[in-house]
Amino acid sequence: MLSPMPSEVSGPRDEAELLARAHALAGATLGELAPRVGLIAPPDLRRAKGFVGQLLERALGASAGSQAQPDFPTLGVELKSLPVNARGRPCESTFVCHIPLTEIGSVEWDESRVWRKLRRVLWVPVEGERKIGVPQRRVGQALLWSPDAEEEAALRFDWEELAGVIGCGDVESLTGHLGRYLQVRPKAAHGRVRRQGVDREGASLAVLPRGFYLRATFTGRILARHYVLPSRG
DNA sequence: TTGTGATCATCT
DNA sequence: AGATGATCACAA
């Protein structure tokens, strides 16, 4: 028999195994992990923005590909890497999913893409400051998380407001300013990309694709609640 | 082409 | 400095 390729890792059977695998990565650098899964750590992320996420997917045995499903379909768990600074605070917002512009007005929160993705997430903090070379960046302790009642209510409130604006045909008036924890921002290869949307009269029109993102204030609160983080000063 | 993985780069 | 809008790579 052929031995498995280094990049092939069978998926975890349950949450406990997934969490154990994730904890085993804590403290390792990206430069150490990359060759284990058949990757090479780039000098910077300008041309490899998804590198850290891809590396963790492989290292943890997530299903490859770009399907609109959780990374661990049988477990219903979504994997998210989270770039953090020296104080353990997120450096960036977190992309959640594309927005189905022509449908979202008729979707309920409970069946929304946002809720399906965020109901169970494995957060993996990774050093994200640009002054640290990518190969030298270390993986932190993973957190298997579900939103508590307060967090879910807040996300649902934002989602319903944002989905409502889109459903009314006002997607082009939306900016990243709206939404306390969840926001809508462009999500495209470049600014000339267009996809089908709906205007205020219900007619079809071509608009810049959008995605839902979690603000860093939200993910920062999650980390702060579950970890002891260094304080400033 | 669309959705996945995100960070970059600029403006306030 | 922090946040918004713009952008990059890859898979199916």
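So that the names make sense, note that chain A is the first sequence line, chain B the second, and so on, each numbered from 1.
Atom P of nucleotide dG5(C) and atom CZ of Phe212(A) are separated by 15 Å, given to the nearest angstrom. To the nearest angstrom, C1' of dA1(C) lies 12 Å from CZ of Arg87(A). Computed from coordinates, the Gln54(A) CD to dG3(B) P distance equals 17 Å when rounded to whole Å. Atom pair Arg215(A):CZ and dG5(C):P shows a separation of 10 Å (rounding to whole Å applied). Rounded to an integer number of Å, the gap from His98(A) NE2 to dT7(C) C1' is 12 Å. Straight-line distance from the CD atom of Glu129(A) to the P atom of dA6(B): 19 Å, rounded to whole Å. Look at CZ on Arg137(A): it is 14 Å from P on dA6(B), rounded to the nearest Å. Protein atom CG of Leu56(A) is 14 Å distant from nucleotide atom C1' of dT4(B), rounded to whole Å.
Hydrophobic clustering of Ile, Leu, Val, Met, Phe, Trp and Tyr side chains at less than 4.5 Å, counting indirect connections, keeps Phe95(A) apart from Trp145(A). Taking hydrophobic clusters as Ile, Leu, Val, Met, Phe, Trp and Tyr residues chained together by side-chain heavy-atom distances below 4.5 Å, Leu122(A) shares a cluster with Val37(A). Hydrophobic clustering (side-chain heavy atoms under 4.5 Å, transitive across Ile, Leu, Val, Met, Phe, Trp, Tyr) groups Leu39(A) together with Leu25(A). Under a hydrophobic-cluster definition in which Ile, Leu, Val, Met, Phe, Trp and Tyr are linked whenever side-chain heavy atoms come within less than 4.5 Å, directly or via other members, Val139(A) and Leu45(A) are assigned to the same cluster.
No hydrogens or angles considered: nothing links the side chains of Gln196(A) and Thr102(A) as a donor-acceptor pair under 3.5 Å.
Not counting sequence neighbours, Asp199(A) has no partner by the salt bridge (Lys or Arg N to Asp or Glu O under 4.0 Å) test. Listed by chain and number, the residues in a side-chain contact (heavy atoms from CB on, under 4.5 Å) with Ser112(A) are Val107(A), Trp109(A), Val114(A), Trp115(A), Trp159(A) (sequence neighbours excluded).
Looking only at side-chain heavy atoms (C-beta outward), His98(A) and Arg113(A) come within less than 4.5 Å of each other.
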Decide yes or no on side chain to side chain donor-acceptor pair (under 3.5 Å) for Arg215(A) and Ser93(A), but give the supporting numbers first. CA-CA 5 Å; Arg215(A) 294 183 184 277; Ser93(A) 57; over 6 Å; no

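Residue Tyr213(A) places a side-chain atom within donor-acceptor reach of the base of dA6(B), judged by atom type and a 3.5 Å distance cut-off alone.
Taken residue by residue, residues 39-53 of chain A places heavy atoms nearer than 4.0 Å to DNA chain B at Leu45(A), Arg46(A), Lys49(A), Gly50(A), Gly53(A). Residues from residues 100-118 of chain A that place a heavy atom under 4.0 Å from any atom of DNA chain C: there are none. Applying a 4.0 Å cut-off to non-hydrogen atoms, the residues of residues 186-198 of chain A that approach DNA chain C are Pro186(A), Lys187(A), Ala188(A), Ala189(A), His190(A), Gly191(A), listed by residue number. Non-hydrogen atoms lying under 4.0 Å from DNA chain B are contributed by Glu78(A), Lys80(A), Ser81(A), Pro83(A), all within residues 76-85 of chain A.
In terms of phosphate contacts, Arg89(A) brings no side-chain nitrogen or oxygen within less than 4.0 Å of OP1 or OP2 of dG2(C). Contact check, Gln183(A) against dT4(C): a side-chain N or O comes under 4.0 Å of OP1 or OP2.
Summarising the local packing, CD of Glu111(A) is surrounded by more than 12 heavy atoms from other residues, nucleotides or ligands at distances under 6.0 Å.
Within 4.0 Å of Glu92(A), counting heavy atoms only, lies at least one base atom of the nucleic acid.
Not a single donor-acceptor pair under 3.5 Å links the side chain of Glu152(A) to the backbone N or O of Pro147(A).
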